[in-house]
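As structure tokens, the structure follows; a few thoughts come after it.
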Amino acid sequence: MTLKDGQGRKHDYLRISVTDRCNLRCVYCMGDEGIEQAAHESILSYEDILQVVTAGAELGISKIRITGGEPLVRKDVVELIRMIASVPGIRDLAMTTNGTLLPRYAPGLKQAGLNRVNISLDTLQPDKYRKITRCGKLEDALNGIETALRHNLHPVKLNTVLIKGVNDDEVVDFLQLARGKPLHIRFIEYMQIGDHDHFYSNHYLPLSFIEATAKKAGLPLSPIPLPGGAGPAESYSIPGGKGTIGLIHPISKHFCSSCNRLRLTAEGSLKACLYWQDEQPVQPVLNDKKALQELIRKVLSGKPVEHQMAAGGNCGTVNPGAMRSMSKTGG
Ligand code: SAM
Ligand code: SF4
């Protein structure tokens, strides 16, 4: 079955945030004090999440990504992976994580049916890692990456948010990392999400910076088909690279026309677009698969043509700076 939105775009991808909690507090994701956390009772149970996945899979959802917050801080997340992996129709099961807890969980995740991971890493310098994450240890994230490679959670992708004045001096180091290891490093444009406008306005840098820096360093980027299937990243090889480079430009070259994603927040709301506030709670239709499927169709039928930043920064309903942080919605 094919699930389409109101614009005729095929939707086969559901991103599920399993928690708004995190063991780090990245500067571009949360304010100094972290986030106001949802009450435990308002977080969707694994059984409820499974209902949404099963209803979605019957409509045509075949790819699932588990995210957060930090998904590995939620108790028994390996069990959720096992439950989702056994749903008929789910062909690709991935997770986005900061990687710091992967040394403990990667073997169980792989065994439970997780196919692959994206690991967030914005710097290769220990002091800077602590500053960006406000509390993390680079060594933990690097161990997580090595464990993911060892346990075959391929393709292992790294998510690197380009932050002007913070990690723009490390672009060549990241390119060298992708030369030496089978890692797919995806530079992501910094988005104005959450309540930190001031930091954003001083630190946004378009990804054309990566292409220019790579060329200057004698490591020019050559376009290639995407590793691991379609997605919003433009993919490139570099000379002599075991890995690849990806560029994700949600702002300067947005990819709304090919968007295939639906999101489920930790508190159980379906969202058709990360950047708009519109959402519908699933709780009223749980235990009624037909009604749940109707709700999925309804949310998709109202999906906007493009996100508000693409629509000129103001959609008339929300102020981008007032939008919930990525850790609350699920990045
Ligand atoms: N905790 C996990 C992690 O860090 O990978 C998963 C959740 S995190 C919200 C998902 C992704 O969102 C991360 O790769 C993070 O770098 C990205 N992210 C968070 N805030 C962002 C922002 N303002 N702009 C761009 N990417 C952002
Ligand atoms: Fe946590 Fe991920 Fe947000 Fe960093 S980006 S604070 S690791 S949820």
Side-chain angles (χ1 to χ4, degrees), residues 15-38 65-74 77 94-102 105 109 116-123 128-138 140-141 144-145 148 153 156-164 166-167 174 184-207 231-233 246-252 254 261 263-266 271 274-275 307 309 320-331:
R15 292 172 83 110
I16 304 172
S17 171
V18 294
T19 180
D20 60 349
R21 288 163 166 74
C22 188
N23 55 344
L24 304 180
R25 281 182 289 120
C26 302
V27 289
Y28 50 73
C29 181
M30 296 185 184
D32 287 1
E33 308 295 325
I35 49 153
E36 195 187 320
Q37 294 177 339
R65 176 172 297 278
I66 303 299
T67 180
E70 173 49 44
L72 295 178
V73 302
R74 181 147 174 196
V77 74
M95 178 179 282
T96 302
T97 167
N98 62 40
T100 55
L101 299 172
L102 274 177
Y105 291 113
L109 290 167
R116 57 198 178 88
V117 284
N118 285 28
I119 301 174
S120 300
L121 187 73
D122 304 314
T123 176
K128 212 190 274 183
Y129 186 84
R130 179 165 288 275
K131 278 195 187 130
I132 293 174
T133 62
R134 295 198 181 99
C135 55
K137 270 171 70 184
L138 176 66
D140 294 340
I145 293 167
L153 288 162
V156 178
K157 297 181 184 176
L158 300 193
N159 287 358
T160 303
V161 179
L162 180 65
I163 318 165
K164 183 176 162 191
V166 175
N167 64 2
F174 275 103
H184 305 282
I185 301 178
R186 297 136 38 97
F187 290 97
I188 304 177
E189 243 171 14
Y190 182 11
M191 292 177 280
Q192 188 178 14
I193 285 190
D195 189 15
H196 29 88
D197 286 9
H198 181 65
F199 191 78
Y200 176 82
S201 51
N202 290 322
H203 295 283
Y204 170 77
L205 194 57
L207 293 189
L247 302 182
I248 304 185
H249 322 246
I251 303 166
S252 63
H254 69 87
R261 291 152 187 222
R263 290 168 191 271
L264 180 64
T265 69
K271 277 179 83 72
L274 172 63
Y275 310 91
H307 64 62
M309 288 179 282
M323 289 167 67
R324 282 191 302 193
S325 70
M326 292 279 265
S327 63
K328 285 226 122 196
T329 312

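Just so you know, ligand 1 is whichever comes first in the structure, and atom 1 is the first atom listed for that ligand. From a predicted model like this one, the values you see are computed outputs, not experimental measurements.
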Query raised in the report: Hey, which atoms in ligand 1 end up nearer than 4.0 Å to a heavy atom of Met191?
Result: 22 (C), 23 (N), 24 (N), 25 (C), 26 (N)

Query raised in the report: When rounded to the nearest 0.5 angstrom, what is the spacing between NE2 in His184 and CD1 in Ile119?
Result: 12.0 Å

Query raised in the report: So, does Arg134 use its side chain to make a donor-acceptor pair with the main chain of Arg25 at under 3.5 Å?
Result: yes

Query raised in the report: With a 4.5 Å heavy-atom cut-off, do Leu24 and Glu70 have their side chains touching?
Result: no

Query raised in the report: Hey, does the side chain of Asp122 reach the backbone of Val161 with a donor-acceptor pair shorter than 3.5 angstrom?
Result: yes

Query raised in the report: Near atom 1 (Fe) of ligand 2, which protein N/O/S atoms are found at less than 2.8 Å?
Result: Cys22 SG

Report task. Output yes when the distance from some N or O of ligand 1 to some N or O of Glu70 is under 3.5 Å, and no in every other case. Result -> yes

**Report entry** Contacting atoms of ligand 1, where contact means under 4.0 angstrom from a heavy atom of Glu189
**Finding:** 25 (C)

**Report entry** Thr96, portion touching ligand 1 at heavy-atom distance under 4.0 Å
**Finding:** both

**Report entry** Nearest-option assignment for atom 7 (C) of ligand 1, heavy atoms, candidates Ala141, Gly69, Ser120
**Finding:** Gly69

Query raised in the report: What part of Gln192, side chain, backbone, both or neither, has a heavy atom within less than 4.0 angstrom of ligand 1?
Result: neither

Report task. Say whether, by atom type as modelled, one donor and one acceptor occur between the side chain of Arg74 and the main chain of Thr19 under 3.5 angstrom. Result -> no

Report task. Could you tell me whether the side chain of Arg21 and the main chain of Ala38 form a donor-acceptor pair under 3.5 Å? Result -> yes

Query raised in the report: Are the side chain of Arg65 and the backbone of Met95 linked by a donor-acceptor contact shorter than 3.5 Å?
Result: yes

Query raised in the report: Taking only residues two or more places apart in sequence, or in another chain, which ones meet Lys131 in a side-chain contact (heavy atoms from CB on, under 4.5 Å)?
Result: none

Query raised in the report: Is the backbone N or O of Phe187 less than 3.5 Å from a side-chain atom of Thr160, with the two atoms forming a donor-acceptor pair by type?
Result: no

Requested in this report: Quick one: pull up NZ in Lys157 and CZ in Arg186 and give me the separation to the nearest 0.5 Å.
Outcome: 5.0 Å

Query - Enumerated ligand 1 atoms positioned under 4.0 Å from heavy atoms of Thr67 - result: 6 (C), 7 (C)

Query raised in the report: Under 4.0 Å from any heavy atom of Asn159, which atoms of ligand 1 are there?
Result: 14 (O)

Query raised in the report: Hey, which of Leu101, Leu72, Thr97 is the one that makes side-chain contact (heavy atoms from CB on, under 4.5 Å) with Val77?
Result: Leu72

Query - Winner among Tyr28, Tyr200, Tyr204, Tyr190 once heavy atoms are compared against atom 15 (C) of ligand 1 - result: Tyr28

Requested in this report: Between Thr97 and ligand 1, find which residue part has any heavy-atom pair under 4.0 Å and reply side chain, backbone, both or neither.
Outcome: backbone

